[in-house]
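All residue numbers in this chain count up from 1 along the given sequence.
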Amino acid sequence: MTDSEKISAPASAGRGYRPGYEVAAERILEYIVQAGLQPGARLPTEKDLADEVQMSRTVVREAVKILSALGRLSVQKGRGIYVAEPEQSSWQQSLANFLPADLRQVDELFEFRRYLETTTANLAALRAAPAQVKAVRDAARQSAEAAEQGDIDAFSAADEAFHLGIAAAAANKFFTSTVDAVRHLQRQVTTIGLAGVAGGSLQVAAGQHEAIAEAIAAGEPSRAEALMAEHIDMTAQQFQREIWRRVVPGDDTNT
């Protein structure tokens, strides 16, 4: 049986037989990642690519067509095969159109953060490796030290490390990358919407960091989730209050 027909997957995979082009497509994607090829990079010729993935040219040709239709490869006649430039998704468009001083959009950002980061806190309490627990604890401690000194820049750096550390400990790359993107938007809110001035009490936020870190270290997912929800809600209220003061100077109706 040739690879252009069917290929038997390992019994442990539980998938039975797989079409050769499916295996070839998987191997091509693995090759792109392992070779560190970025969007716009040129792949080897079809013949050389077939050698790289150890499949026939016929099957590789079929796989390339499929990957091209899925938007992962770009086949340019007379020029070769390239890693496709990703199309801008609605998620990417929302990042590009975000207005950091628009209270409605800030509300939406924190609403999304609440659902996102309560989940990562829950998973981190279940999955965090010892080194990841230490990283989260260290970041919480550093935020507390910065808060005591009133050092906003140091606090912001520790806060960043704390939230990204929890996302990494959730052991899911999609959560990690999404939290990173959301933190990028929050930096815009702090820098532009709040003119670099942190709202609310750094000491309170740091205390919440330490409580969350301990819940994760203790392997208590429900507690970690609840504490993170409280933390995000408090942070959202602080941001909203500070932005409102800048939109309507002298109006303290939201305090």
Side-chain angles (χ1 to χ4, degrees), residues 1-98 112 116-117 119-120 123-124 126-132 135 160-161 163-185 187-188:
M1 185 173 289
T2 66
D3 59 11
S4 62
E5 296 172 324
K6 299 285 186 179
I7 289 183
S8 177
S12 60
R15 297 184 60 183
Y17 290 102
R18 300 174 64 191
Y21 64 79
E22 182 180 307
V23 177
E26 180 180 312
R27 291 183 184 178
I28 290 170
L29 293 178
E30 289 174 348
Y31 167 78
I32 290 171
V33 172
Q34 292 169 1
L37 300 180
Q38 299 299 313
R42 184 174 181 175
L43 273 70
T45 64
E46 191 177 273
K47 177 182 180 301
D48 291 339
L49 186 58
D51 291 338
E52 288 285 352
V53 300
Q54 298 181 334
M55 304 286 285
S56 73
R57 289 184 65 178
T58 301
V59 175
V60 165
R61 186 177 300 117
E62 293 173 2
V64 167
K65 288 179 181 178
I66 291 170
L67 291 173
S68 177
L70 291 174
R72 299 298 298 270
L73 296 180
S74 172
V75 180
Q76 301 178 22
K77 190 173 182 179
R79 296 188 59 200
I81 306 168
Y82 295 80
V83 180
E85 298 283 352
E87 294 182 5
Q88 189 174 62
S89 65
S90 57
W91 164 246
Q92 292 170 311
Q93 190 65 41
S94 69
L95 299 186
N97 293 336
F98 179 68
F112 182 61
L116 176 66
E117 296 202 53
T119 301
T120 59
L123 292 176
L126 294 170
R127 302 173 176 175
Q132 293 172 322
E160 191 91 357
H163 288 277
L164 291 178
I166 292 174
N172 183 312
K173 66 181 179 182
F174 297 103
F175 278 124
T176 304
S177 59
T178 305
V179 168
D180 183 52
V182 169
R183 297 293 301 177
H184 175 73
L185 296 184
R187 285 196 296 274
Q188 295 181 32

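- Taking 4.5 Å as the limit, some side-chain heavy atom of Leu164 sits within range of a side-chain heavy atom of Asp180.
- Ser68 contributes no side-chain N or O that, together with a main-chain N or O of Val64, makes up a donor-acceptor pair within less than 3.5 Å.
- Contact between Ala84 and Gly71 at its shortest, heavy atoms only, is CB-O, 3.2 Å.
- Atom-to-atom distance recorded for Leu70:CG and Leu29:CG is 9.0 Å, nearest 0.5 angstrom.
- Side-chain contact check for Ile32 versus Leu73: some heavy-atom pair is nearer than 4.5 Å.
- Between the side chain of Thr120 and the backbone N or O of Glu117 there is at least one donor-acceptor pair closer than 3.5 Å.
- Across all non-hydrogen atoms, the minimal contact from Ala168 to Gln132 is O-NE2, 3.4 Å.
- With rounding to the nearest 0.5 Å, the separation of OG in Ser74 from CG in Leu67 is 12.0 Å.
- Side chains of Tyr82 and Leu43 form no contact here, defined as non-hydrogen atoms less than 4.5 Å apart.
- For the atom pair CZ (Phe112) and CG (Leu185), the distance works out to 9.5 Å, reported to the nearest 0.5 Å.
- Although no hydrogens or angles enter the test, the distance criterion places no donor-acceptor pair under 3.5 Å between the side chain of Thr178 and the main chain of Phe175.
- The two residues Gln38 and Val83 come nearest to each other via the heavy atoms O-CB, 3.5 Å.
- Taking CD1 of Ile81 as the start and CD of Glu46 as the end, the distance is 6.0 Å to the nearest 0.5 Å.
- Heavy-atom neighbours of Arg72 CZ from other residues, nucleotides or ligands within 6.0 Å: at or below the threshold of 12.
- Shortest non-hydrogen contact noted between Leu37 and Tyr31 is CD1-CE2, 4.0 Å.
- Closest approach of Gln54 to Arg27, counting heavy atoms only: O-NH1, 3.5 Å.
- From Leu116, atom CG reaches atom CZ of Arg183 across 11.0 Å, with rounding to the nearest 0.5 Å.
- Of the possible polar contacts, none joining the Glu22 side chain to the Pro19 backbone as a donor-acceptor pair under 3.5 Å is found.
- Nearest heavy-atom pair, Leu123 versus Ala170, reported as atom, atom and distance to 0.1 Å: CB-CB, 3.8 Å.
- Put simply, NE2 on His184 and CD on Glu160 are 10.5 Å apart, with the number rounded to the nearest 0.5 Å.
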